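Encoded as structure tokens, here's the structure I'll be asking about.
For ligands, and for the atoms within them, numbers begin at 1 and follow the listed sequence. Values in this document were obtained by computation on a predicted structure and should not be read as measured data.
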Amino acid sequence: MILYRIKQFIWAITANLNLQDKEFIKYYLTDYELKLFNKLPVYEKKHSIKVAYDIKKFCEKEKKYDKNFLIKLALLHDIGKICNALNVVQKCIMVILDKITAKKLSKFTKIKIIDTYYNHGLKGYYILKKYDYSYKFLYLVKNHHNNIEGNKELNILKIFDSKN
Ligand SMILES: [Fe+2]
Ligand SMILES: [Fe+2]
């Protein structure tokens with residue numbers, strides 16, 4: 001776990017979008033979605049793109065899922081992080097504090113970075129709710145860190161989210 005966290009930190013500080021990434025997001029996102037997406041810090045963009053690449057591969061094997069829907073979901077699942085975005089160091093501190101305090105910090109939502117860290121699913125839901133998304137899409141964004149069982153799409157998102 002610690003090794004994995006170190007790897008994640010290195011990914012984050014060295015994150016950069018290459019040409020393939022840029023073409024990928026342009027292909028799957030509309031103009032206004034791209035505008036929203038570009039407000040994310042680069043390490044969060046890279047994270048969402050990696051989740052989307054994994055989901056694309058998964059859907060190409062498991063043909064029963066709506067690939068375009070899940071790729072767009074992967075790219076936008078953390079869009080709530082555009083509100084008071086955390087830099088890489090703040091994010092690492094939050095990951096460590098979250099572990100040490102067993103999520104007790106989540107009460108302190110008046111502190112903006114804590115609020116973003118714990119509530120970005122809900123924030124993303126409110127951002128996207130102004131546009132024309134299905135109930136299902138909004139539900140998945142809102143609940144991607146919540147313990148809800150039996151939702152296949154949510155499980156897929158959670159698996160590839162935690163891998164990246
Ligand atoms: Fe998230
Ligand atoms: Fe995520």
Side-chain angles (χ1 to χ4, degrees), residues 1 4-17 21 24-25 28-29 33-59 65 67-99 101-109 111-129 131 133-134 136-149 151-164:
M1 194 61 184
Y4 179 69
R5 288 294 176 203
I6 293 169
K7 203 162 115 189
Q8 269 190 326
F9 179 71
I10 293 168
W11 282 346
I13 55 171
T14 58
N16 209 348
L17 298 201
D21 298 335
F24 182 79
I25 54 175
Y28 284 101
L29 298 178
E33 287 168 343
L34 258 181
K35 267 190 203 156
L36 289 174
F37 188 82
N38 281 327
K39 291 181 186 175
L40 287 167
V42 66
Y43 77 95
E44 291 290 2
K45 286 184 200 170
K46 192 74 180 186
H47 159 73
S48 297
I49 291 169
K50 284 161 97 181
V51 177
Y53 284 154
D54 278 354
I55 283 188
K56 182 171 179 274
K57 253 191 246 161
F58 172 82
C59 289
Y65 293 104
K67 185 172 90 172
N68 287 1
F69 176 89
L70 285 179
I71 289 174
K72 196 186 274 278
L73 176 69
L75 291 174
L76 297 178
H77 76 283
D78 276 335
I79 206 67
K81 291 182 177 174
I82 67 173
C83 318
N84 313 305
L86 279 68
N87 64 39
V88 179
V89 175
Q90 288 171 324
K91 169 81 180 277
C92 285
I93 292 170
M94 282 307 302
V95 170
I96 294 164
L97 289 178
D98 177 62
K99 283 275 167 294
T101 66
K103 298 197 190 298
K104 287 198 184 82
L105 271 188
S106 60
K107 292 183 286 198
F108 300 102
T109 51
I111 301 170
K112 285 179 180 172
I113 60 167
I114 293 181
D115 189 35
T116 301
Y117 184 80
Y118 287 106
N119 299 318
H120 65 270
L122 187 61
K123 287 173 189 290
Y125 165 84
Y126 282 118
I127 290 166
L128 298 177
K129 206 171 161 247
Y131 303 95
Y133 292 95
S134 64
K136 183 168 135 186
F137 192 93
L138 296 172
Y139 176 87
L140 294 168
V141 169
K142 182 161 82 177
N143 290 299
H144 76 272
H145 289 293
N146 294 342
N147 270 333
I148 293 169
E149 277 168 35
N151 185 311
K152 282 186 189 152
E153 275 104 346
L154 192 60
N155 286 343
I156 294 166
L157 177 60
K158 281 180 172 188
I159 289 167
F160 293 112
D161 191 17
S162 63
K163 274 192 183 167
N164 288 287

List the atom pairs, donor and acceptor, that lie under 3.5 Å between side-chain atoms in residues 50-58 and the rest of the protein, sequence neighbours left out.
residue	atom	partner	partner atom	Å
Tyr53	OH	Asp21	N	3.4
Tyr53	OH	Asp21	OD1	2.6
Asp54	OD2	Asn164	ND2	3.0
Lys56	NZ	Glu60	OE2	3.3

Can a donor-acceptor pair be found, under 3.5 Å and without considering hydrogens, that links the side chain of Tyr139 to the backbone of Ser134? no

Taking Thr116's backbone N and O only, do any of them form a donor-acceptor pair with His120's side chain (distance below 3.5 Å, no angle check)? yes

Mind checking how many protein N/O/S atoms fall short of 2.8 Å from the Fe ion (ligand 1)? 4

Mark yes or no for whether Lys158, through its side chain, and Asn146, through its backbone, hold a donor-acceptor pair below 3.5 Å. yes

Spacing of CG belonging to Asn143 relative to OH belonging to Tyr125, to within rounding of 0.5 Å: 9.5 Å

On the six-membered ring of Phe69, is Lys136 placed so that its NZ or CZ lies under 6.0 angstrom from the centre and within 45° of the ring axis? yes

In His47, the N/O/S atom nearest the Fe ion (ligand 2) carries the name NE2

